[in-house]
Number of protein chains: 2
Amino acid sequence: MSKKRSTIRDVARRAKVAPITVSRVVNNSGYISTETRQRVEAAIQELNYIPNTLAQSLRHQKTNMVALIVTDITNPFWTTVARGVEDVCNAHNVNVIFCNTDEQQQKLDNYVNLLMQRQIDGLIIVPTEGYAGEMLENMLANHVPSIILDRILPDWHHHTVVRGDSVTGGYILTKHLLDLGHRRIMMLSGSSSVSTGLERAEGYRRALLEYGVTPDPALLRFGKFTQQSGYDITIEMLDRIHPRPTAILTANNFIAVGSQKALDDRGVDIPGEISLATYDDLPAQLNPRPFLTTVIQDPYAMGQEAAQRLITLLTDSSSHPIQDIVLPVRLIIRASTAPPRQT
Amino acid sequence: MSKKRSTIRDVARRAKVAPITVSRVVNNSGYISTETRQRVEAAIQELNYIPNTLAQSLRHQKTNMVALIVTDITNPFWTTVARGVEDVCNAHNVNVIFCNTDEQQQKLDNYVNLLMQRQIDGLIIVPTEGYAGEMLENMLANHVPSIILDRILPDWHHHTVVRGDSVTGGYILTKHLLDLGHRRIMMLSGSSSVSTGLERAEGYRRALLEYGVTPDPALLRFGKFTQQSGYDITIEMLDRIHPRPTAILTANNFIAVGSQKALDDRGVDIPGEISLATYDDLPAQLNPRPFLTTVIQDPYAMGQEAAQRLITLLTDSSSHPIQDIVLPVRLIIRASTAPPRQT
DNA sequence: CTGAAAGCGCTTACAG
DNA sequence: CTGAAAGCGCTTACAG
């Protein structure tokens, strides 16, 4: 049963040529007489020969594989990013390995190590929250081209970063609520050890100040980028803060789902009693009733951009100035935000 | 800049030993004197040495990599399956490559080919709709252990299959609606060239017959497993079929979202005017208001089961009776189904 | 147009 | 406990 697959030597023997000749046929390189080519192709057919990429890669010192490491594969945001990365890479004959860290630094370090062992050509990495491991140095020491995606970390000066404009995103969401007349606006951000969590909160603060509203520390909360976190903080707020805010702003789609659920559970009408606006959308496929006012990044474009940068790094390793690419965001107004009720 | 990574020879030279000795240290195999081990480990540190898995795999004739090929990476059902696969495989020190076909046979064939070239140890495959390519023969000819997931195809007798019990699922969903008193029940299935689409419809038919209801061909429609398909068919039904059905049954989560959206757009109250029940849930993280009555499979368990079977195939290649593993389904009743309105 | 030799980085099988 | 030789499957660089 477990017969061995045929190798280039088997084909060569059968076609009565040297292995290198088979190689030339398979790769369409160099000159081959038509007659020889046909004999070789016949042998390939008969033996079901499939070239061994491991051996090719070992010889070429190049695998044509890159990896994309994200923090949460269950978030459609990241699967859409993955699509963008994959489409660009495939167009360049590069395969993409997709990895998921669950925000755990150890998983990230593990993956990077593993992928370097597998001689990956390049990496696109979303760092885990508060990342402080040694992977970066390691990658530099081993000359692995890489792009950092979505989040910046203090000491990553040596890498090109592709990310959304989180400060502006937080700013225009808050401005939208302020323009509707809200003054008590609560922000549920993600982790304070992730740059996007901090920057979205910073945009919120800037908008408030611009409108002469003094930020109330009780109304800015950091948590996690999860449904549970959004739910818990919203419930806590409803129970403890008086007067309640008239609007809530969440820093990603999962937090928004949790917050909306909490408001529902407590019978709070959206937007009648509290307006709800969020960063990042839910994909239309999963969302029969798009309801939340939202600032969207374009995750597909983000993936494309990151992949394009990486491909450039790989092919043209000379010209790689380190850049900080900041992609634009856009506001979509829906039914979940309205002027505050008159009291 | 693009200095080469260090190899086992570099380490050996530095530690003044033979490469094989370094290999023994790295792999913890054979006896090494403490003193030699320390010298080698120091050299490994200093040179930032990382073993090259390509070379190891080439030598071992084993990559410790398997692949999971699904039809739609944007469906949370499949990302959850992926989790199950990954967790089981990682526990066995096997890495998983995750691939997506978009239901396109050509992409599937491409991936299988590519993965075989990369000397993948095994495959878990969700066949694309109406699959009729040559990949199967190819895989058999090249002795690639594989598991077929979720869907059966006519001539796949040589492979173990892991799938949900679609006939029963369709049956209990329909029975639930019948028990509520519905008699005009419409089924929106997926593709008729996918076994799950056919079997869920078959379950529907059986339940109807059991309750003495003659299946109305106008009320059974095949389409695609997408939101668009669910939307279009529902709109068409609302415009053309009189009297309208009092209940709709959809064959997966995406179709349900489309159908729900269509009913909303036409101002049809669920379940007041039409009850809606579906196969497969939306994940809680994305769903602030779980509303649809649903038959669920356990996608995580499905992934685990498939991975477990594959691992067994890989480690114990002697004992591999071909099996058809059918996993149970379960009904969850929510607010989207109710008795039909009295007329 | 075709091929023999050497080597990519590692490890098996044998020796000592 | 350590090492020299050979080979995994392929391709580069050289020859003819």
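Straight-line distance from the CD atom of B:E35 to the C1' atom of D:dT2: 13 Å, rounded to whole Å. Rounded to a whole Å, the CZ atom of B:R37 is 13 Å from the C1' atom of D:dT2. To the nearest angstrom, C1' of D:dG7 lies 9 Å from CG of B:L58. At whole-Å resolution of the value, CZ in A:R13 and P in C:dA4 are 13 Å apart.
Side-chain polar atoms of B:N95 and A:R118 form a donor-acceptor pair below 3.5 angstrom.
Residue A:T21 places none of its side-chain N or O atoms closer than 4.0 Å to OP1 or OP2 of C:dT2. Distances shown here put a side-chain N or O of A:S33 below 4.0 Å from the OP1 or OP2 atom of C:dT2.
In this structure, CG on B:D121 lies 8.0 Å from OG on B:S57, to the nearest 0.5 angstrom.
Here the closest non-hydrogen pair linking B:D150 and B:T196 is O-CG2, 3.3 Å.
Distance alone, capped at 3.5 Å, places no donor-acceptor pair between the A:N27 side chain and the A:R24 backbone. Judged by distance alone, with hydrogens and angles left aside, the side-chain atoms of B:N100 form a donor-acceptor pair with the main-chain N or O of B:I73 at under 3.5 Å. Formation of a donor-acceptor pair under 3.5 Å by the B:T80 side chain with backbone atoms of B:P76 is found in this model.
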Sequence-aligned protein contact record of nucleotides 10-16 of chain C, with B where the base is within under 4.0 Å of a protein heavy atom and S where only the sugar-phosphate is: BBB----
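Residue B:Y31 is the one, among B:Q61 and B:Y31, whose nearest nucleotide of DNA chain D lies closer to the 5' end (criterion: closest heavy atom).
As judged by a 4.0 angstrom heavy-atom cut-off over every strand, B:T36 is placed among residues touching the sugar-phosphate backbone only.
If you check C:dA15 for Watson-Crick or wobble pairing at under 3.5 angstrom, you find it paired to D:dT2.
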